[in-house]
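Structure first, commentary second.
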Amino acid sequence: ISPASVGTLVPGDSTTFTATYVVTQADIDNQQNIQNTATATGTYSGTDYTDSDTESVDVADDNASLNINKYADDVTEVVVGQTITYTYGVRNTGNVTLSNVIVSDVINVGTGMLSVISPASVGTLVPGDSTTFTATYVVTQADIDNQQNIQNTATATGTYNGSDYTDSDTESVDVAD
């Protein structure tokens with residue numbers, strides 16, 4: 001608070017004190033208005049006189065959202081035994097902290113198995129931050145024989161205030177003729 005005090009305040013005069021507060025991510029995540037009560041105290045003839053005033057500041061409405069971008073390290077003319085590495089970039093595009101962020105990936109077209117996605121989860125993801133997950137897929141002879149592109153859809157999920165928020169992205173990898 002500035003100034004710390006005023007020596008004398010004569011009748012009819014006023015003075016202004018200032019203080020600042022930096023809004024935190026926890027304030028937004030908690031979705032509670034910021035309440036502040038100021039109390040002024042002055043002394044006359046040994047007696048303290050006080051007055052208080054409370055101000056409430058609304059915090060931004062919560063907006064939980066995330067975005068996933070999925071990339072394969074090779075998307076053209078893959079061959080039997082080739083390992084495709086999938087990278088999943090997940091970004092918190094909202095204004096609240098997401099927890100238990102995970103990625104799931106389903107092979108829509110393809111005969112092989114996707115590896116375990118790593119990491120299994122990310123505990124928290126604050127607004128604006130991103131994280132990366134990875135998985136691999138080994139091209140099978142059946143993939144080549146079927147002559148259908150390997151296609152799979154990844155979904156990122158994050159939790160805020162007991163609700164799940166998701167986004168999906170699909171990648172297609174061409175198999176060799």
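Sequence positions, counted from 1, serve as the residue numbers for this chain. Fair warning: this is a prediction, and the values are worked out from it, not measured in the lab.
Residues Val78 and Met113 fall into different hydrophobic clusters, defined by Ile, Leu, Val, Met, Phe, Trp and Tyr side chains chained together at heavy-atom separations under 4.5 Å. Under the 4.5 Å side-chain heavy-atom criterion for grouping Ile, Leu, Val, Met, Phe, Trp and Tyr, Val173 is connected to Val80 within one hydrophobic cluster. Criterion: ILVMFWY side-chain heavy atoms under 4.5 Å apart, direct or through other members. Under it, Ile117 and Val138 are not part of a common hydrophobic cluster. Both Tyr86 and Val75 are assigned to one and the same hydrophobic cluster, defined by single-linkage of ILVMFWY side chains at heavy-atom distances under 4.5 Å. One hydrophobic cluster holds both Leu114 and Val103 under the rule that ILVMFWY side chains link at heavy-atom gaps under 4.5 Å.
Here Gln25 contributes atom CD and Asn95 contributes atom CG; the two are 7.0 Å apart, rounded to the nearest 0.5 Å. Thr20 OG1 to Ile1 CD1: the interatomic distance, rounded to the nearest 0.5 Å, is 10.0 Å. Thr134 contributes atom OG1, which lies 8.0 Å from atom OH of Tyr88 (distance to the nearest 0.5 angstrom). Remark: Tyr49 OH to Thr41 OG1 distance equals 12.5 Å, nearest 0.5 Å.
Counting only residues at least two apart or on different chains, the side chain to side chain donor-acceptor pair (under 3.5 Å) pairs with a member in residues 50-60 are Asn33-Asp58, Gln35-Ser56, Thr37-Thr54, Thr39-Ser52. Residue pairs satisfying the salt bridge (Lys or Arg N to Asp or Glu O under 4.0 Å) criterion with at least one member in residues 60-81, sequence neighbours excluded, are listed as follows: Lys70-Asp105.
Counting heavy atoms from C-beta on, the side chains of Val139 and Val79 never come closer than 4.5 Å. Asn67 is listed as a side-chain neighbour of Asn69, based on a closest heavy-atom distance under 4.5 Å. In this structure the side chain of Ser2 never reaches within 4.5 angstrom of the side chain of Phe17, judged on heavy atoms. Contact of the Val175 side chain with the Gln148 side chain is not registered, since no non-hydrogen atoms from C-beta on lie closer than 4.5 Å. Looking at Tyr21 and Asp27, their side chains come closer than 4.5 Å, going by heavy atoms from C-beta outward.
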Applying side chain to side chain contact (heavy atoms under 4.5 Å, CB included), run through Asn152 and Val106 and close with a yes or a no.
CA-CA 5 Å; Asn152 49 337; Val106 176; 5.9 Å; no
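When only modelled atom types and interatomic distance are considered, Asn92 and Tyr160 share no side-chain donor-acceptor pair under 3.5 Å. Side-chain contact check for Thr97 and Asp29: at least one donor-acceptor pair (N or O, by modelled atom type) lies under 3.5 Å.
Under the side-chain contact (heavy atoms from CB on, under 4.5 Å) criterion, Ala40 pairs with no residue, sequence neighbours left out.
Nearest heavy atoms, Gly112 versus Ile107: O-CG1, 4.4 Å. When every heavy atom of Pro119 is checked against every heavy atom of Val122, the shortest pair comes out as CG-CG2, 4.2 Å. Smallest separation of non-hydrogen atoms from Gly94 and Pro127: O-CB, 3.3 Å. Between Ile102 and Ala120 the shortest heavy-atom distance is CG2-O, 3.6 Å.
Shown are Asn100, Leu66, Val90; of these, the side-chain contact (heavy atoms from CB on, under 4.5 Å) with Leu125 is made only by Val90. Across Asn108, Ile84, Thr111, a single residue satisfies side-chain contact (heavy atoms from CB on, under 4.5 Å) together with Ile150, and that is Ile84.
Applying the 6.0 Å contact sphere to OH of Tyr44 captures no more than 12 heavy atoms from other residues, nucleotides or ligands.
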